[in-house]
Amino acid sequence: MFKIWFDDYLLPSCAHMLAGVAEPLGPSSTLAGIEEAEAFICPGNVRYDAARMDLAPKLKVIARLGVGYDNIDVPAATARRIPVVYAP
């Protein structure tokens, strides 16, 4: 099952969309479990830099909720061949 890291709580009204497809991970102030993440779902208030990407060696995609990439180190993601996408 695909593992997705959330730095914000997943709304209960949305959780059913992941059932049988993906396992939500996080949020956690200690980042416990982030090493299993295959995707990051990014709110606008968390910085996604090279150090955070290195915590998740299985990372395959970074998805930004909203517009803009100012909180994502796109060159670091590109260097790791990790696509960065957004959902406005």
Side-chain angles (χ1 to χ4, degrees):
M1 193 170 319
F2 200 73
K3 296 181 181 186
I4 303 173
W5 178 265
F6 290 87
D7 271 295
D8 205 349
Y9 288 95
L10 180 62
L11 295 173
S13 60
C14 298
H16 73 280
M17 292 188 275
L18 298 179
V21 177
E23 176 184 343
L25 304 172
S28 168
S29 61
T30 64
L31 301 179
I34 198 170
E35 68 279 355
E36 295 298 318
E38 297 170 88
F40 287 163
I41 302 294
C42 309
N45 61 342
V46 176
R47 178 83 179 133
Y48 291 85
D49 57 11
R52 184 171 280 245
M53 293 176 208
D54 288 342
L55 294 174
K58 299 176 184 178
L59 190 61
K60 293 179 176 76
V61 65
I62 299 173
R64 166 78 166 97
L65 299 177
V67 296
Y69 298 123
D70 51 324
N71 65 325
I72 301 170
D73 186 342
V74 176
T78 301
R80 289 161 177 75
R81 304 180 61 93
I82 300 169
V84 178
V85 300
Y86 73 95

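Model, not experiment: these values are computed from the prediction.
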Practice task
Kindly write out the residues that satisfy side chain to side chain donor-acceptor pair (under 3.5 Å) with Asp73, not counting sequence neighbours, or none if the list is empty.
Solution key: none

Handout entry: Interatomic distance, Asp70 atom CG to Arg47 atom CZ [nearest 0.5 angstrom]
Key = 8.0 Å

Which donor-acceptor pairs under 3.5 Å do the side chains of residues 20-35 make with protein atoms, sequence neighbours left out?
from  : atom 1 : to    : atom 2 : distance (Å)
Ser28 : OG     : Thr30 : N      : 3.2
Ser28 : OG     : Thr30 : OG1    : 2.9
Ser28 : OG     : Leu31 : N      : 3.3
Ser28 : OG     : Ala32 : N      : 3.4
Thr30 : OG1    : Ala32 : N      : 3.3
Glu35 : OE1    : Gly33 : N      : 3.4

Problem - Cluster overlap Leu59 with Val74, hydrophobic side-chain contacts below 4.5 Å - result: yes

Handout entry: Within 6.0 Å of OH in Tyr86, more than 12 heavy atoms from elsewhere
Key = no

Handout entry: Phe6 and Ile4, any side-chain heavy atoms less than 4.5 Å apart
Key = yes

Practice task
Carefully, step by step, assess Leu10 and Leu18 under the rule side-chain contact (heavy atoms from CB on, under 4.5 Å).
Solution key: CA-CA 10 Å; Leu10 180 62; Leu18 298 179; 3.6 Å; yes

Practice task
Give the cluster check for Ile72 versus Leu55: same hydrophobic cluster or not, with ILVMFWY residues linked at side-chain heavy-atom distances below 4.5 Å.
Solution key: yes

Problem - Shared-cluster residues of Val61, by chain and number - hydrophobic side chains joined below 4.5 Å - result: Val85

Practice task
Mind checking salt bridge (Lys or Arg N to Asp or Glu O under 4.0 Å) for Asp54 and listing every partner two or more places apart, or none if nothing turns up?
Solution key: Arg80

Handout entry: Ile62 side, atom CD1; Tyr69 side, atom OH - distance, nearest 0.5 Å
Key = 10.5 Å

Donor-acceptor contacts under 3.5 Å from residues 36-43 side chains, at least two apart:
from  : atom 1 : to    : atom 2 : distance (Å)
Glu36 : OE1    : Lys58 : NZ     : 2.8
Glu38 : OE1    : Lys60 : NZ     : 3.0
Glu38 : OE2    : Lys3  : N      : 2.9

Exercise for the section: Could you pull out all residues at least two apart from Asp8 that satisfy side chain to side chain donor-acceptor pair (under 3.5 Å)? Expected result: none

Exercise for the section: Check whether any side-chain heavy atom of Tyr48 lies under 4.5 Å from a side-chain heavy atom of Asp7, and answer yes or no. Expected result: yes

